[in-house]
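Quantities reported herein were computed from a predicted structural model and do not represent experimental measurements. Proteins come first, then strands; the chains are lettered A, B, ... in the order of their sequence lines, and each starts at number 1.
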Amino acid sequence: MRTYDLHIHASPPGESSAVDVIDFAKRLGWSGIALSCFPDSEEIVNSHAKMVDDLKSKDFDVVKAIEIKADTINALHKALDSFRRKTEIVIVRGGDQEINRAAVETNQVDIISHPESQRSDSGIDQVMARSAADNNVSVELNFRQILNSYRKTRVHIIAHMRQNIKLAKKYGFPVAITSGAYSKWELRAPRELAAFGVSVGMELEGAFRSLEAGKIEVNRNKLNQNWVMPGVTISDG
Amino acid sequence: MDDKLKTLKPMIAGKKRYLSFEIISESSVEFADFVNVFWNSSMSFIGELGSAKASIWIVKDLWDQKLQKGVIKCSHAFVEKIRLILSLIGRIGDQRVIVSVLGVSGTLNSAKAKIMSMRDLASYN
């Protein structure tokens, strides 16, 4: 089984260099990781893509990802239109109800990151859950959220994650367990993240499936010049 | 007269598991510091009652200071929770750490074997 941690920030804006992060991820047993950047400008996305391409090796896969921090729905759609065709994984930072809703209502988004963040609820209701299932948008369980929180805050975050897992079981949207690391010291092994998934209510098998990241291959095919639509590609012959 | 109790039968004592773990850090960590941080993490995550139900025992004799590897004994029903408690340890003293579980076994002997023979994460290249 190939396991991927789909939400990691290397420096900048993270603390550790991309090489250090990759070295640690290899030690912990990952098959690959997705390095994310914030797409504040086109130059940042292009230079990030080039850096990731340089870091790929035969024994370890590195995936291009962006994390969109949008204040309005228009800003989110603008960023998606600009960068979707340039990156393999698109993460939208959740928390705001309108952004959460907009993110799960488009199939251009791969992962909605910590929808429960800074909220007094889980950030996903049954309408959003249906949309997430229809558009195959993964809801993230971000390990960093509980690693860096204590007592009451941690309790609320875990309770909201459990609520989202209940919805995932009922409505069938995918779940992505990620470390959300900003430093190599915040990385954890795949089996540990699976244990995190189990502890918030997932089945062990489902927790492993959420680390497999089948979306990467699908998105790579879509980024291919010859791709037209699902099932249709232009052949060279 | 020896005041040691007779060993309980396995059916009454309950099933146990041994988790062998490794601490990854920039410089070596003292066993006492790890024990302290582990119990804090356990108390904050599963509480006193949960920790009692988990029957946690950190096996001092199997701590390898040089390799930074050790063994924790717990109830078989709490293996996933103990994994999570270990992974929630991010700092021991001033040092940032990752506590990685090397394997889970049903007997102390196989736990020992895991510590001695499994790949050394620190020497990974």
Visitor: Under 3.5 Å, sequence neighbours excluded: what are the donor-acceptor pairs made by side chains of residues 199-213 of chain A?
Guide:
residue	atom	partner	partner atom	Å
Ser199(A)	OG	Ala195(A)	O	2.9
Ser210(A)	OG	Ala207(A)	O	2.7

Visitor: Pairs in or reaching into residues 113-140 of chain A: which pass salt bridge (charged side-chain N to carboxylate O under 4.0 Å, His left out), with residues at least two apart or in two chains?
Guide: Arg101(A)-Asp125(A), Arg119(A)-Asp121(A)
Visitor: Side chain, backbone, both or neither: which part of Tyr150(A) has an atom under 4.5 Å from a heavy atom of chain B?
Guide: neither
Visitor: Applying side chain to side chain contact (heavy atoms under 4.5 Å, CB included), name anything that partners Glu88(A), two or more places apart in sequence or on another chain.
Guide: Lys56(A), Val63(A), Lys64(A), Arg220(A), Leu223(A)
Visitor: Please indicate whether Trp57(B) has more than 12 foreign heavy atoms, meaning atoms of other residues, nucleotides or ligands, lying under 6.0 Å from its CH2.
Guide: no
Visitor: Among Arg191(A), Glu186(A), Lys184(A), single out the residue with the greatest number of heavy-atom pairs under 4.5 Å to chain B.
Guide: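 Of the options given, most contacts go to Arg191(A).
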Visitor: Decide if atom NZ of Lys166(A) counts as having more than 12 heavy atoms of other residues, nucleotides or ligands within a radius under 6.0 Å.
Guide: no
Visitor: If I compare all heavy atoms of Leu147(A) with all of Ser87(B), which pair ends up nearest, and what's the gap?
Guide: CD1-O, 3.9 Å
Visitor: Is it the backbone or the side chain of Gln95(B) that comes under 4.5 Å from a heavy atom of chain A, or both, or neither?
Guide: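 Nothing of Gln95(B), per the 4.5 Å heavy-atom cut-off to chain A.
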Visitor: How close do Ile98(B) and Leu187(A) get, counting heavy atoms only, and between which atoms?
Guide: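 Between these two residues, the closest heavy atoms are CD1-O, 3.5 Å.
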Visitor: Would you name the heavy atoms of Glu192(A) and Val101(B) that are closest together and state the gap between them?
Guide: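 Taking Glu192(A) first and Val101(B) second, the nearest heavy atoms are OE2-N, 3.1 Å.
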Visitor: How would you list, in number order, the residues of residues 46-55 of chain A that have a heavy atom less than 4.5 Å from chain B?
Guide: none
Visitor: When heavy-atom pairs shorter than 4.5 Å are enumerated against chain A, which of Val79(B), Ile82(B), Leu84(B) gives the highest number?
Guide: Leu84(B)
Visitor: Just wondering, are more than 12 heavy atoms of other shown residues or ligands nearer than 6.0 Å to NZ in Lys215(A)?
Guide: yes
Visitor: Just so I know, are the side chains of Arg188(A) and Arg83(B) near enough to count as touching, which here means a heavy-atom distance under 4.5 Å?
Guide: no
Visitor: Checking heavy atoms, do the side chain of Ile158(A), its backbone, both or neither come under 4.5 Å from chain B?
Guide: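 When you check distances to chain B, only side chain atoms of Ile158(A) fall under 4.5 Å.
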Visitor: Specify the closest pair of heavy atoms between Arg154(A) and Ser44(B), including all atoms of both residues, with the distance to one decimal.
Guide: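 For Arg154(A) versus Ser44(B), the nearest heavy atoms are NH1-OG, 3.6 Å.
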Visitor: Minimum heavy-atom separation for Leu88(B) and Phe143(A), please, with both atom names.
Guide: CD2-CZ, 3.9 Å
Visitor: Is it the side chain or the backbone of Val97(B) that comes within 4.5 Å of chain A heavy atoms, both, or neither?
Guide: backbone
Visitor: Contact part of Ile89(B) toward chain A, heavy-atom cut-off under 4.5 Å: side chain, backbone, both or neither?
Guide: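 For Ile89(B), the backbone is the part near chain A, not the side chain.
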